Amino acid sequence: MSPLAQLLEAALFAASRPLAVEELMTLDPQAGEVAVRAGLDELRAAYATAGHGVELVEIALGWQFLTRPEHAAAIEGAQFALRPRRLSPAALETLAIIAYRQPVGRVEVDEIRGVDAGAVIDKLIERGLVEVVSRGEGLGRPLLYATTPQFLEILGLKDLDELPRLEELSVALRPPAAPA
Amino acid sequence: MSPLAQLLEAALFAASRPLAVEELMTLDPQAGEVAVRAGLDELRAAYATAGHGVELVEIALGWQFLTRPEHAAAIEGAQFALRPRRLSPAALETLAIIAYRQPVGRVEVDEIRGVDAGAVIDKLIERGLVEVVSRGEGLGRPLLYATTPQFLEILGLKDLDELPRLEELSVALRPPAAPA
Amino acid sequence: MTTLPPPPSAVDQAGFVVELEQFSGPLDLLLHLIREDELDITDLPIAKIADQFLGVIGDLGLSQAADYLEMAARLLRIKAQTLLPRRPGDDEWEDPRAELVRRLLEYQQVRELVDWLADAAASRAERFARGFMPEARPVPPAPLVIELNELLAAAERVIALIPEPVLHRVVPRPLDVEGATERIQALLGEREECSWLDVVGEGASVVDVLSVFIALLELAKRGALKLRQDGPFAPIVIRREPPRAAA
């Protein structure tokens, strides 16, 4: 492997979160974006072809080494690592609405779910899956919420474009109201 | 690599601590100690010969992956280069009120912003930008907040007098006029 | 035929449903009923579904949960509207179910997204990230950036929110807690028990209501009386404390 690929490997291995290309570029001031992307491709290929138990994955707007799915049961059985807790249906509903409508205010989330979503949103913020991005216009200038990169991470998504498009669903959602 | 070596690789990667041979044996009840030790040798050799940025190391407590020493400086340097964080609009507004009204109680901040500012103030305190300076008069003797020296430091101000006066604000915010 | 799900798992002492494992809200319950009976959402037999909904929230003890209660009221109103006779050829007539149907369709789509998200999260959970941090030393906090212009822009936004230099809102009449206290004590001097309306009277102003309320809470705190309300919106009963020993 090239020295740059090795350096990238060491950095990605040491990190517990996905690292963005821009972050990886700070490892070696000489290497530009093109070289870093080439190094990442080289690294991914090296792991894919040599038969490894881990692989390099593009996820949550960055790159991360993850174990291959077939080893999950054994690792969890031996209690070397814990799988994350599942999200409740209420949390997933709220996340789905925020993901598709972001930035979105609480009232709109409440309305679609038919229940007060305040406590659920607070929990999602606490877990780092949702954040306040700005204040909307109108009465009381409501807080607007959006999903975080960590939301992508727990779903294993590269970016929001990987979410299914609404047209692909069997029923149609009304388009978000145009801002007044 | 053999399937057992791949399983060992995934487990050593995902575990939160070094793993002893006896622990690694619980991954696969079929594999005995001899097989696990052979798998570890195979794994170590695979990383050593193919030119990797990480290596498998046996230490007192067991086995673990470590980055190669030559990358330590670059990784540490990059870790240090964490993306600078910005304050949310809500935090900035709260900070602005406290900066211009200090010492000021929470109720007054709430009233000006029209929302409960408690959580935001707590965050600002946590960040060292705001501190409790005294207790006010009146009902419940509310805590009074003021900005800290660190607030000035981050803004590059010598003292609070260097903050633009409120009357100057709209002027100060206007972009410098182009020479006629 | 509706098979009832097991009773809710988390009901706090006050009787309010905190969170249900079974349904994430009234729309979810409604959709459950519709699916179970294989009904057509766009042509909802509203009378049937309203009765079923009421039955289920009664059985589950949900009738105190505001969100479910509100939906129940909405269903009953739609049911009533559909029962009203309408003139043949009335073009102005709008199906009272339309809004509910739209919300249900929208909610159904959210449920579909939820299934997709749950699947994605489940496959991500099959993969572990790095567990061990070789450099266990604490990472210094990220540097904080505040630019003076940002702060000033925030100050301007804040100033824009203030219509006048901050003035305290002026209450037209000050609260008269003392007067209310005297009134309550006088009433309880005469009888063992009285009601909220006995104290405030008909057509009381907001200030009067607040004064009485604060006085009642204060007296209750001091142990001079006990307050009781048998249910939401039920009359508040004020009882002298300690009860006078029977003659």
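Chain letters run A, B, ... following the sequence lines, proteins first, then strands; residues in each count from 1. Here the structure is a predicted model, which is why all the values come from computation and not from measurement.
Using a 4.5 Å cut-off between heavy atoms, A:Leu157 touches chain C through its side chain atoms alone. For chain C, the nearby part of A:Gln64 is the side chain; its heavy atoms alone come within less than 4.5 Å. A:Arg68 touches chain C through its backbone: at least one of N, CA, C or O sits under 4.5 Å from a heavy atom, while the side chain does not. At a 4.5 Å heavy-atom cutoff, the contact between A:Glu55 and chain C is made by side-chain atoms alone. Contacts of A:Ile154 with chain C are made by backbone atoms alone, with heavy-atom separations under 4.5 Å and no side-chain atom involved.
Closest non-hydrogen pair, C:Asp67 versus A:Gly114, comes out as CB-O, 3.8 Å. Heavy-atom minimum distance, A:Val115 versus C:Gly25: CG1-CA, 3.5 Å. Among all heavy-atom pairs drawn from A:Leu66 and C:Arg124, the shortest one is CD2-NH2, 3.6 Å. Here the shortest heavy-atom pairing between A:Pro164 and C:Leu113 reads CG-CD2, 4.2 Å.
In this structure a side-chain-to-backbone donor-acceptor pair under 3.5 Å is present from C:Arg103 to A:Glu111. Judged purely by atom type and a 3.5 angstrom limit, A:Arg113 uses its side chain to pair as donor or acceptor with the backbone of C:Ser24.
For the pair A:Leu163 and C:Leu117, the minimum side-chain heavy-atom distance is below 4.5 Å. Side-chain atoms of C:Glu126 and A:Arg83, non-hydrogen and from C-beta on, do get closer than 4.5 Å to each other. When side chains are defined from C-beta on, C:Arg130 does not count as touching A:Val54, because their heavy atoms never get closer than 4.5 Å.
Atom CG of A:Leu82 has 12 or fewer heavy atoms from other residues, nucleotides or ligands within 6.0 Å.
To the nearest 0.5 Å, atoms CG (A:Leu92) and CH2 (C:Trp116) are separated by 12.0 Å.
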